[in-house]
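Structure, as C-alpha cells:
All ligand and atom numbering here is 1-based and tracks the order in the structure. Positions are given from 1, in the same order as the sequence printed here. None of these values were measured; they are calculated from a predicted model.
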Amino acid sequence: MAAARTQKEPLTLLKERLLDIAHLSTAGAVLSWDQEVLMPPQGADARAEAAARLAAVVHEKMLALNEGGLLSKLARRAARGELAGRAAVIARETWRSYERQAKLPRAFVAEHAAVTAKGQHMWATARANDDFAAFAPWLARIVALKREEARLVGYHESPYDALLDTYEPGMTAAELTPLFDELKDFLIPLVRAIQGSSVRPEPRRIRGRYPLAAQAAFNRMVAGEMGFDFDAGRLDESTHPFTTAFHPTDVRITTRYRERDILYAIGSTIHEAGHALYEQGLPAAAFGTPLAETVSMGVHESQSRLWENMVGKSDAFWRHFYPRLQKTFPDPLRRVPRGVFVGIMNAVKPSLIRTEADEVTYNLHIIVRFEIERGLIDGALAVRDLPAIWREKMRAYLGIRVPNDREGVLQDVHWSAGYFGYFPTYALGNLYAAQLFAAMERGVPRLAARLAAGDFAAPRAWLNHHVHRHGKTYEAAALIKRATGEAPTSRYFTDYLSRKYGALYRLGTR
Ligand code: ZN
C-alpha cells in the first residue's frame, strides 16, 4: 500500500508540471498562429519579443521538471521496467526531451538563437540577390554550431544522428542511407521513363478563373467530408499553409487560394487536413503528456501525404468530388473529363523547386539535401563547394540545369534556421504513407469503392486505430511495424509509384 502510494505521487507531480508547460506552450502556439493569420504588420516586433519571453519561460519550466531528481528517478524506474505501460511512456518520453535540453548549456542556446536569427535574415537577402557568397560565412557558423550541438547531445555513430533525433527520434543516418539509395536507384529511371512517355498531361485545359469565394466553400466542404471537425478546429488563409494544434479539441489549419489555379488550394487543404486529423485524433484526456503528442515529423507527414496523394489524387476520390467541382466551376471544367483532370493533377515534371515538385520527383529533391547536409555535419563537404555540388546532383538525379543559386542551393529556409536533420522526414513521410496505405487497403474492405462513394469514415478510423490514438507510445519504426506488419521499407512507395504512374503514363511492363 505504502509502495503503491510513493509510486503514484511522483508521477502525479510530473503530470501537473507537464500540464503547466502544455498550457503555456498553447499560449505560444496561439500567438504564432495569430502572427501568420491575423496580425497587422506593425505588430511583428512586439510579437517576436512576447514569443521569445514565453519560450524562455517554457524552457525554464522544462528544466525544472527534474527538480529534486523527480524526472530522472522516474526515468530510471521506467528503464528498469518498474512502471506500468502509460506511466512508462510518460517517464521515458519526457526524459528524452528533458535530457536533450539539459545537455545544452545556456550560452550555447543563446548563441544558437542569435546566429540562426541573423542567419535567416542573411539568407533572405542572399537569396533575393542570388548571392551565395554573402550567406556562406553564416552557413559555416551554423554548421559549426550544429556539430557542436551533436557533440553536446552525444551520438553513437554519426554526429548527424544527434540532429536527426530532434525530428525523427530513433532514426539514424545508417538506416536512412540504404533506404534513400534504394529509392534513388528506383526513381531516377522512373523519371526518365515518364519523360520518354507519349502521354503528356495538358495543364492548359484547366486554365481559367476560379473565384476565391467558391474555392473557399469547396475546400471547406472537402475538409469537412474528410472528417476535419469544424467544431474542434478552423480553416483559415495564410501565405504558407500550415497546421497548428492548441489541443485535440482546437486544431487550426490554413490554406492559400490562387484565382488562376484550382489545384494549389485543394492540395494544400487536403494535406493540412491530413495533419489535422492526426492532431484531432490524439487522446484529449492525456493532454500535456507524451501520450497526447505526435510521434515524429515523419509520421506526421505520413498522415498529410497519405490524404493528399494516395487518397486526394486518386481517381476514386475524384469520382466522388469531380461532378461537384465541375458544377462549381463549369468554365472551364465542364469540357474536361475526370480522367484528364486527374492526369493533370498527377503530372510529373522535373523542376528546380522542391515545394512545387510532384510526388515522383519530390524525394529526389530531399535526397539531394540529405546527402549534402550529412556531408556538412560529418565534415566531408565544405560550405564553399555547395553551389557546385547542388548543380551536379540536380543534373545527375533530376536531369535539370540549375541556372542560379536563388532557385538552387539558396531556395530553402531550413539550413539558415538551423534545421539540420529535418529534410529526411519529408521523404520518410512519403514512405510511411505508402506503407500505411497498403496496410489500410488490406484492412479496409472495398477501400476504393468507399472513397469513390465519399465514405472516408473507415480510412479515418483505421488511421486513428493504428496511429493517432497511440500518441508517443511507440517510436516511428515500431509504430509502422505494428500497423503494417513490417519495418519501414521503401518497397510500398516504389510499388505504389510503379502502379500509379505505370498506368497514367502507360509505361508498359515496368
Ligand atoms: Zn506537411
Side-chain angles (χ1 to χ4, degrees), residues 29 32-33 36-37 164 166-169 171 219 222-223 226-228 233-246 248 251-258 263-282 293-314 317 345-346 353-367 369-370 411-415 417 419-437 459-460 463-464 467-468 472 476 479-480 488 493 496:
S32 115
W33 173 85
E36 301 298 323
V37 177
L164 191 54
T166 317
Y167 308 105
E168 199 66 14
M171 182 56 74
N219 276 268
V222 171
M226 279 170 63
F228 178 78
R234 289 180 55 91
L235 168 59
D236 292 277
E237 290 175 51
S238 67
T239 315
H240 303 286
F242 68 96
T243 299
T244 184
F246 304 153
V251 177
R252 308 297 177 93
I253 58 177
T254 68
T255 191
R256 190 170 110 207
Y257 302 106
R258 297 172 174 167
L263 297 180
Y264 181 82
I266 291 174
S268 78
T269 300
I270 298 174
H271 180 98
E272 301 307 333
H275 279 305
L277 290 177
Y278 189 5
E279 297 283 355
Q280 289 183 334
L282 292 167
E293 285 168 10
T294 59
V295 177
S296 67
M297 302 296 295
V299 172
H300 224 313
E301 196 66 6
S302 77
Q303 300 305 294
S304 57
R305 295 297 250 179
L306 186 149
W307 284 101
E308 179 193 359
N309 291 331
M310 276 123 217
V311 175
K313 287 183 182 158
S314 69
F317 186 85
M345 168 175 271
N346 286 290
I353 306 296
R354 172 185 62 87
T355 55
E356 288 162 20
D358 56 80
E359 72 181 320
V360 175
T361 58
Y362 188 89
N363 286 340
L364 290 169
H365 287 266
I366 296 303
I367 292 171
R369 288 154 177 80
F370 166 68
Q411 70 183 265
D412 299 299
V413 69
H414 300 59
W415 290 336
Y419 298 166
F420 281 78
Y422 190 124
F423 282 124
T425 69
Y426 293 119
L428 284 172
N430 291 323
L431 304 189
Y432 297 160
Q435 194 165 340
L436 288 168
F437 191 69
R460 196 170 64 243
L463 289 170
N464 188 274
V467 179
H468 306 169
K472 268 192 160 65
L479 181 87
I480 296 299
F493 182 70
Y496 157 76

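Not one N or O on the side chain of R252 forms a donor-acceptor pair closer than 3.5 Å with the backbone of R234.
Put simply, H300 stays out of reach of the Zn ion (ligand 1), with no N, O or S atom under 2.8 Å from it. Contact annotation: E272 places no N, O or S atom under 2.8 Å from the Zn ion (ligand 1).
Taking the six-membered ring for Trp and thresholds of 30 and 60 degrees, Y362 and Y426 have ring planes more than 60 degrees apart, a perpendicular arrangement.
The minimum distance between the Zn ion (ligand 1) and any N, O or S atom of H275 involves atom NE2. Taking the Zn ion (ligand 1) as reference, E301 places its N/O/S atom OE1 nearest.
By the neighbour-count criterion of 12 heavy atoms within 6.0 Å, atom OH of Y419 is sparsely surrounded, having that number or fewer from other residues, nucleotides or ligands.
In this structure, Y422 has its ring center under 6.0 Å from that of Y167.
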